[in-house]
Number of protein chains: 2
Amino acid sequence: MKDLATDYQGLADKVVEVAEDVSTKGRLVEAARELFLLQGFEKTSVKEILNKAGVNSGSLYYFFPKKEDLLVEVLEKYKTLLWPMVIDPVFQRVNDPIDRVFEILNGYRQMLEMTQFTHGCPIGNLALEMSERSDLVRQGIADNFEGWQLAVRQCFEDAGERLPQCVDRDKLATFVLTTMEGGVMLARAYRRIEPFDDGVDMLRLYISQLLAGPENNSGN
Amino acid sequence: MKDLATDYQGLADKVVEVAEDVSTKGRLVEAARELFLLQGFEKTSVKEILNKAGVNSGSLYYFFPKKEDLLVEVLEKYKTLLWPMVIDPVFQRVNDPIDRVFEILNGYRQMLEMTQFTHGCPIGNLALEMSERSDLVRQGIADNFEGWQLAVRQCFEDAGERLPQCVDRDKLATFVLTTMEGGVMLARAYRRIEPFDDGVDMLRLYISQLLAGPENNSGN
DNA sequence: GTCTATAACTTGATAGAC
DNA sequence: GTCTATCAAGTTATAGAC
């Protein structure tokens, strides 16, 4: 189930450390994370982060010489928490590998509805705002996308022979990410869930056709 | 061919007016457009816009009381130029309605490659950066997406009976937009064209299956 | 409509005591 | 590691002459 997270147990300590970090540094990262998510990097001032974290200027710059260094740490946090906070709960609720993909998508759907489209994909937002900034930031974003893509690809690989052999699992997983990010963007712009749902519906239809495909005799 | 742009001839004057506008106002909008595209709204200062346009502060604020008003005008410009600058050239090069859809997608692909991923989708960038800003801005973004969606939907409608009747043209067009925006985002993050191509490939396969299978079932 | 000068404020970042 | 005080530069926006 977790071939791709072989070092998961080793990660566990770090996860607790990251998720429940109430140190000055940890509070700064969490405050920055929330503000960047809601407002973006540029719109968020250092002062806002300081206020939200209850930290003084001197302390911030002791840990993070530049505002951008904070962003790098935020991206690191997203990466660390992906499996324990996003993927594992889905994998526990749902067993069928294909259903798991749609449950991951459903997680983003719920976020859109619950926040009334004020929260988008944290990574996607930063991807478009920051991709021409430092290479370290862009790499952190790419790493996050790769984490998601890996999780989804794992599902398709776990589906085994239910998917025709000719289907490229890697590309299909990328396509799921594409649909997710594009769907979130349109849904937020329209403030309607339909564009997101339309994308997922198309994906569902497409995959169900693959599962029931001609060269596939024992499909679901 | 242009059922959806019935007032096109009437638009023509406005298009020329907008595209070749070298007035102070026009230069301001064009300078702002280029800078917003490359840097985003927040990162771009009014001073930069002024320098690029060769205009003084007083003139800008004579036309646009707020920086955000400039953005609204930029979005208006994108909307006005969509057909003459993007859609019409594609429709002239390519006749087959399905091929037209992929030629539209190919336009974005070329932009990604030519600019080495520094330019993304102008609307997509602003959508994620500004969707929680004023409602006027968000509406301008939604209007632009709608323009693109309409053009793509037109193609699918022009495909007539080649597409099974059960296929929802509207949703399929939205799905194309979703794929385009998601693909652009991932390609920029990775600085590789493959994620974009993967999405388009999947879309192509999906649509070719729709075109081929007359007994294709389960519209949604 | 356009110009110059500048107000009023916020920005990211630093210095140095503790 | 954390505090206060503060800097220099940059920010959006305005005033008033022409």
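Chain naming here is simple, since letters A, B, ... match the order of the sequence lines and numbering starts at 1 in each.
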Side chain of [X] (C-beta onward), nearest among [options]:
X	options	result
A:S57	C:dT4, C:dT2, D:dA5	D:dA5
A:S59	D:dT12, D:dC3, C:dG12	D:dC3
B:Y62	C:dA13, C:dG1, D:dT2	C:dG1
A:N56	D:dT4, D:dT2, C:dA13	D:dT4
B:K47	C:dA13, D:dC3, D:dT11	D:dT11

**Request:** Kindly state whether the ring of A:F145 and the ring of A:Y78 have centres lying under 6.0 angstrom apart.
**Result:** no
**Between A:W148 and A:Y108, ring centroids under 6.0 Å** = yes
**Fill in**
Rounded to the nearest 0.5 Å, the CD1 atom of A:I123 sits from the CE atom of A:M180 at a distance of 9.5 Å
Find the distance [X]:[atom1] to [N]:[atom2] and express it as a whole number of Å.
X	N	atom1	atom2	answer
A:L28	C:dG12	CG	P	14 Å
B:I49	D:dT12	CD1	C1'	11 Å
A:L35	C:dG12	CG	P	12 Å
B:E68	D:dT11	CD	C1'	16 Å
A:E48	C:dA13	CD	C1'	17 Å
A:F64	C:dG12	CZ	C1'	15 Å
B:K43	D:dT12	NZ	P	12 Å
A:L50	C:dT14	CG	C1'	14 Å

**Message:** Heavy-atom nearest nucleotide on DNA chain C for A:S45 versus A:P65: which residue maps closer to 5'?
**Reply:** A:S45
**Asked** With the threshold set at 4.0 Å, does a side-chain nitrogen-carboxylate oxygen contact exist between A:E68 and A:K66?
**Response** no
**Request:** Identify whether any heavy atom of B:S23 sits under 4.0 Å from a base atom; if not, whether one sits that close to sugar-phosphate; answer base, sugar-phosphate or nothing.
**Result:** nothing
**B:A189 backbone acceptor or donor facing A:R138 side chain under 3.5 Å** = yes
